[in-house]
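Accompanying notes for the structure given below.
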Amino acid sequence: MFADGKKLGAFIVPTGVGASIGGYAGDASVYAQKLSEKCNLIVNPNVVNAACFSGINMNMFYVEGYSVDEFFKGKCNLIPSLRNRVGVVFDKSISQNTLNVHINTINAVKTVYGIDVVGYEITDEPVGVSFYIDESGASTGTVKNLETIKKASQKLLSKGADAIAIVCLFPDEESKDYANGVGADPVGGVEAIISHYISKELRVPCAHSPAFENISISTDIVDSRCSAEYITPTFLPCILIGLNQAPKLSEKEGINIGNLDFLVMPYNSLGGIPVFEMQKLGKPVYAIKENQTVLDVTSDKLGANCTVLNTYQELVDML
């Protein structure tokens, strides 16, 4: 519990597993915001990222997935920060026209939100991203050159950046299933590969936004949960807004796993490090039944001591 008397919770929706809430574009934000009125809340970017929108608020700690796992293992502490200097890495494969759209986006976010962007670096070599849906229905992919992202990130850190936003070129492959609210976000899995790598190597807050060469805006009506991604040619604003207030990472100082009061997860995606570590500590894990994924890892199958609730609203009311 914090000095202000509020509890600290973690609201996690794994990336790329087709979560019915939080698996699209900021569609878990409303539930996270309700919880954050009752307590301070750690969220992974998947919960609040919504292309040109963001569901983040001042009571949330925006923490990338690898760093979330390190936090739960007791290897990473969080130092609250409300004004980070953000550096942006762009994939060399991005064309000048698409890059210009993203530069205008950076300038717009700086103007409207006052976010301190120290500048951008273009990778020395193409990153080489591909993505696909695997046999389980989860999204994944490959990245040919992670090292070139790391080198560009290090240049930005040397210029004073506290956090790194990464924009890589993705193939223009539209998913009709995703647009209709069915299945996993096809780019989420490989995005996690990129951000996990930079978090592990450089120990700084980071997040990824895909860039597509087709920068036209769709006129099709799509599922409301992913609609934020269909009204803008760039998804960069949400990660800049989130990284602006992402907690800094430390091995010694700041908020640690001992300060965490509870964890909230989708009902059938309980096989990750956060759940296992909370079980070791005997701390509450809430599995929300209205949020289903393509996985099938429930508390019954794990033999885990989790509290199953039907809805996020039940947890809000309980708190």
Side-chain angles (χ1 to χ4, degrees), residues 7-69 71-72 78 80 138-139 163 165 178 181 184-185 187-189 191-192 195-196 199 205-210 224-229 235 237-247 255 260-270 272-275 278 285-288 290-293 295 309 311-313 315-316 319:
K7 290 184 176 182
L8 174 65
F11 186 117
I12 306 299
V13 179
T15 303
V17 296
S20 56
I21 297 172
Y24 294 88
D27 52 305
S29 292
V30 63
Y31 303 102
Q33 288 166 354
K34 286 181 178 181
L35 280 172
S36 70
E37 292 174 3
K38 308 284 186 178
C39 62
N40 296 295
L41 202 62
I42 296 168
V43 296
N44 62 317
N46 204 44
V47 171
V48 293
N49 281 355
C52 54
F53 306 105
S54 173
I56 198 83
N57 66 29
M58 301 296 280
N59 292 332
M60 296 183 195
F61 301 110
Y62 184 88
V63 185
E64 186 276 333
Y66 176 84
S67 297
V68 166
D69 286 349
F71 171 82
F72 276 91
L78 310 177
S139 73
Y178 178 69
D185 178 355
V187 306
E191 284 196 282
S195 61
H196 286 16
S199 291
C206 73
H208 180 271
S209 166
S224 62
R225 291 171 296 174
C226 60
S227 55
E229 295 179 345
F235 307 151
C238 62
I239 69 169
L240 293 177
I241 295 166
L243 289 172
N244 179 58
Q245 66 176 73
I255 299 162
L260 190 67
D261 293 292
F262 64 88
L263 168 65
V264 191
M265 296 287 297
Y267 172 70
N268 60 353
S269 62
L270 303 179
I273 287 171
V275 174
M278 290 292 276
V285 176
Y286 300 106
I288 308 300
E290 69 174 335
N291 197 0
Q292 302 273 340
T293 74
L295 306 179
L309 300 175
T311 67
Y312 284 110
Q313 188 60 49
L315 179 57
V316 173
L319 290 175

Compute the ring centroids of Tyr312 and Phe11, then answer whether they are less than 6.0 Å apart.
yes

Non-hydrogen side-chain atoms of Ser36 and Met58 separated by less than 4.5 Å
no

From Ile12 CD1 over to Ile42 CD1, what is the distance, rounded to the nearest 0.5 angstrom?
7.0 Å

Tyr31 and Asn291, any side-chain heavy atoms less than 4.5 Å apart
no

Are the side chains of Leu260 and Met278 in touch, meaning some heavy atoms are under 4.5 Å apart?
yes

Val13 versus Gly23, closest heavy-atom pair with distance
CG1-N, 4.5 Å

Gly22 and Ala28 have their tightest heavy-atom pair at CA-CB, 3.6 Å

If every non-hydrogen atom of Pro205 is compared with every non-hydrogen atom of Leu243, which pair is closest and at what distance?
C-CD2, 3.9 Å

Can a donor-acceptor pair be found, under 3.5 Å and without considering hydrogens, that links the side chain of Gln33 to the backbone of Asn57?
no

Got a second to check how far Thr15's OG1 is from His196's NE2, nearest 0.5 Å?
7.0 Å

Sidechain-backbone polar pair: Ser20 side chain, Glu290 backbone, donor-acceptor under 3.5 Å
yes

First locate atom CD of Glu64, then atom CD1 of Ile239, and finally report the distance between them rounded to the nearest 0.5 Å.
11.5 Å

N/O donor-acceptor pair under 3.5 Å between Gln245 side chain and Met60 backbone:
yes

What distance do Lys38 atom NZ and Leu315 atom CG have between them, rounded to the nearest 0.5 Å?
10.5 Å

Looking at side-chain heavy atoms only, is the closest gap between Phe71 and Val63 below 4.5 Å?
no

I want to check something: taking the side chain as every heavy atom from C-beta on, are Pro266 and Pro14 in contact at a cut-off of under 4.5 Å?
yes

Shortest non-hydrogen pair, Ala228 vs Ala51, comes out as O-CB, 3.4 Å

For the residue pair Leu78 and Pro247, what are the closest heavy atoms and their distance?
CB-CB, 3.9 Å

Using modelled atom types only, decide if a donor and an acceptor are shared between the side chain of Asp261 and the backbone of Gly9 within a distance under 3.5 Å.
no

About how many Å separate CG of Asn49 and OH of Tyr62, when rounded to the nearest 0.5 Å?
3.5 Å

Do Asp69 and Pro274 touch side chain to side chain, with heavy atoms closer than 4.5 Å?
yes

Looking only at heavy atoms, what is the nearest atom pair of Ala32 and Leu41, with distance?
O-CD2, 3.4 Å

Do Phe235 and Pro210 have side chains that get closer than 4.5 Å, going by heavy atoms?
yes

Side chains of Ile255 and Pro80 in contact at under 4.5 Å (non-hydrogen atoms):
yes

If only atom types and distance count, is the side chain of Asn59 paired as donor or acceptor with the main-chain N or O of Asn40 below 3.5 Å?
no

Between the CZ atom in Phe53 and the OG atom in Ser29, the distance rounded to the nearest 0.5 Å is 11.0 Å

Check the pair Val264, Leu309 against side-chain contact (heavy atoms from CB on, under 4.5 Å), reporting the backbone distance first and the verdict last.
CA-CA 10 Å; Val264 191; Leu309 300 175; over 6 Å; no

For Asp27 and Ala25, indicate whether the former's side chain and the latter's backbone hold a donor-acceptor pair under 3.5 Å.
yes

